[in-house]
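Scroll down for the structure; my scribbles are underneath it.
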Amino acid sequence: MLNSLDLEGRPQDTRIVVAMSGGVDSSTTAALLKSEGYDVVGITLQLYDHGAAIHRKGACCAGQDIHDARAVADRIGIPHYVLDYESRFQESVIDSFAASYATGETPVPCIECNRSIKFRDLLSTARELGASALATGHYVSSRRLADGSRALVCASDADRDQSYFLFATTRDQLDYLRFPLGDMTKPQTRELARKFGLSVADKHDSQDICFVPTGRYTDVVGRLKPNAMEPGEIVDLDGRVLGKHQGIVHFTVGQRRGLGIASTAPLYVLRLEPSTRRVVVGPREALRMDRIVLRDVNWIGDSSLDRAVGDGLELFVRVRSTRRPQPAWLRAQDGGYQVELVAGEDGVSPGQACVFYDAPAGQARVLGGGFIKSATPRAAGKSALRGAPASRPQVADARG
């Protein structure tokens, strides 16, 4: 007989490790499972030197969060451990974040943290503790398929859905992961937290990237990759110099204000060229991209990726966390994979994720995704797919 987590055995005989960040979502997850009788163990990861972030509103994973997670564990009566993952997090997330920015990309650190830290290292630790599953407070769901495997699906609350940040989850990881909040709304979660008497019931949600306590990601990039702060030229699409800048890291795709140049018509940042330290600007219509070349594609749909794609697979893709999925074709191309957007998209940026879904809305199934390597307008033609990449959107898209 299966329990509420779709696992064999009675809850009291089933150990579950809960990743506790100190926020209301993961705290409620732990309290909910404890109330159902599971043998719950809470684990909080110390990911970076959080001293500077302790009192910053909107910062996640900070010292206060560790304190809050411990307080919740004491309240509900479960063992709680804090694991030092600073060196792993520095190498896998922070260093790669800075390196990606220095090459003109816009990374999504929450995706890399889930992929490299939580769902790899922490998952391994949970297994070592004899847990039957690792549970998190993410707003996403998993469903058992006919063959016994599990599918990742969007949360019932579209405004809270975090599937974009979990596309890199593998099939083996999905079999072990559980997301108890996937069918809840945020107000329902907070109400449960109040019911359980949790001190974090009304705690604000994190907004900033957790390892950027000042809220200025350029400080981190500048310290680790000074070349991203070197001055350069602002040019138009014809290469004419329009002005100077103090580092490509200060610009984002679609940016109109603060360019520091005069123009008779509105100009927008179209792309960054790190090799020449150029910021390319142009009219708004030049922002639109139709074809995307992907790298590091992860597939969690049915069958193998190549068999599923065949001559082309019609699906829906989200190229930024704040956009809704739109129709596209996924095709095999030159030993890799390429997405053709039916209607095009503004602000397609290398380093961001392109996530695949089987439907445009509702509790759609996540089929996988990849990181954007480059993007071009349809008019550029096939030969231009390896050309200069499009530029980056606002860093606010990189939160999970």
Side-chain angles (χ1 to χ4, degrees), residues 17-23 25-27 29 42-50 53 56 58-66 69 81-101 105-126 134-140 152 160-170 172-174 176-179 181 205-213 215 217 220-221 224 295-296 298 300 320-321 351-355 366 368-372 392 395-400:
V17 165
V18 177
M20 299 181 67
S21 68
D25 298 328
S26 60
S27 296
T29 296
I43 292 183
T44 300
L45 303 181
Q46 181 169 317
L47 300 177
Y48 65 100
D49 183 2
H50 53 261
R56 174 168 172 78
C60 68
C61 315
Q64 182 62 45
D65 293 326
I66 293 175
Y81 304 95
V82 178
L83 303 183
D84 184 356
Y85 275 34
E86 283 193 30
S87 60
R88 307 183 204 191
F89 189 73
Q90 178 72 43
E91 179 180 352
S92 298
V93 180
I94 300 179
D95 289 349
S96 63
F97 172 83
S100 185
Y101 259 110
E105 293 187 339
T106 299
V108 188
C110 292
I111 292 177
E112 194 56 44
C113 183
N114 288 327
R115 181 171 74 159
S116 300
I117 304 297
K118 294 177 183 175
F119 294 170
R120 186 186 69 189
D121 295 344
L122 179 56
L123 190 148
S124 178
T125 298
L134 171 64
T136 78
H138 287 102
Y139 285 90
V140 70
L152 185 68
R160 287 289 171 177
D161 176 61
Q162 294 174 297
S163 61
Y164 179 87
F165 302 98
L166 301 179
F167 85 87
T169 307
T170 67
D172 287 343
Q173 291 168 346
L174 272 180
Y176 193 70
L177 290 165
R178 294 296 185 271
F179 310 102
L181 304 186
D205 293 329
S206 60
Q207 299 296 325
D208 294 331
I209 298 172
C210 68
F211 55 88
V212 186
Y217 69 94
V220 174
V221 179
L224 298 176
R295 60 174 173 82
D296 300 332
N298 180 56
I300 50 176
R320 295 173 65 174
S321 64
Q352 291 275 297
C354 177
V355 181
V366 182
F371 291 100
I372 297 169
R392 65 181 115 184
V395 73
D397 278 357
R399 66 189 189 213

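Any value given below was found using the heavy atoms of this structure, including those in side chains, with hydrogens, waters and symmetry copies removed. From a predicted model like this one, the values you see are computed outputs, not experimental measurements.
With values rounded to the nearest 0.5 angstrom, Lys118 atom NZ is found 13.0 Å from Leu123 atom CG. Atom CG of residue Leu177 and atom CG of residue Leu152 lie 9.0 Å apart, to the nearest 0.5 angstrom. Atom OG of residue Ser87 and atom CG of residue Leu47 lie 10.5 Å apart, to the nearest 0.5 angstrom. Rounded to the nearest 0.5 angstrom, Phe97 CZ and Ile209 CD1 are separated by 4.0 Å. Atoms SG and CG, on Cys210 and Leu45 in that order, are 10.5 Å from each other to the nearest 0.5 Å. One finds the CZ atom of Arg120 at 5.0 Å from the OG atom of Ser92 (value rounded to the nearest 0.5 Å).
The shortest side-chain heavy-atom distance between Ser21 and Asp65 does not fall under the 4.5 Å cut-off.
In plain terms, the two heavy atoms of Phe211 and Val220 that are nearest each other are O-CG2, 4.0 Å. Scanning all heavy atoms of the two residues, the minimum distance from Gly368 to Val355 falls at O-CG1, 3.4 Å. When every heavy atom of Asn298 is checked against every heavy atom of Phe167, the shortest pair comes out as ND2-O, 2.8 Å. When all heavy atoms of Thr29 and Thr136 are compared, the closest pair comes out as OG1-O, 3.7 Å. Heavy atoms only, all atoms of each residue included: Ala19 and Ser26 are closest at O-CB, 3.2 Å. Scanning all heavy atoms of the two residues, the minimum distance from Leu181 to His138 falls at CB-O, 4.2 Å.
Side-chain atoms of Tyr85 and Thr125 form a donor-acceptor pair, as typed in the model, at a separation below 3.5 Å. Between the side chains of Asp161 and Ser163, at least one donor-acceptor pair of N or O atoms lies under 3.5 Å.
Other residues, nucleotides and ligands contribute more than 12 heavy atoms inside 6.0 Å of the OH atom of Tyr176.
Every residue meeting the salt bridge (charged side-chain N to carboxylate O under 4.0 Å, His left out) condition with Arg295, not counting sequence neighbours, appears here in chain and number order: Glu105. Residues that satisfy the salt bridge (charged side-chain N to carboxylate O under 4.0 Å, His left out) test with Asp95, not counting sequence neighbours, are absent from this structure. Applying the side-chain contact (heavy atoms from CB on, under 4.5 Å) criterion to Ser96, with sequence neighbours excluded, gives Glu112.
Remark: side-chain polar atoms of Asn114 are not paired, donor with acceptor, to backbone N or O of Phe119 under 3.5 angstrom. Without hydrogens or angle criteria, Tyr164 side chain to Ala353 main chain gives a donor-acceptor distance under 3.5 Å. A donor-acceptor pair under 3.5 Å is absent between the side-chain atoms of Thr44 and the main chain of Val82, judged by distance alone. No donor-acceptor pair under 3.5 Å is formed between the side chain of Tyr139 and the backbone N or O of Asp25.
Checked for salt-bridge contact, Arg160 and Asp205 meet the test: a charged N lies under 4.0 Å from a carboxylate O.
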Should Leu224 and Gln90 be marked as a side chain to side chain contact (heavy atoms under 4.5 Å, CB included) after you check the CA-CA gap, both sets of side-chain angles, and the distance that decides it? CA-CA 11 Å; Leu224 298 176; Gln90 178 72 43; 4.2 Å; yes

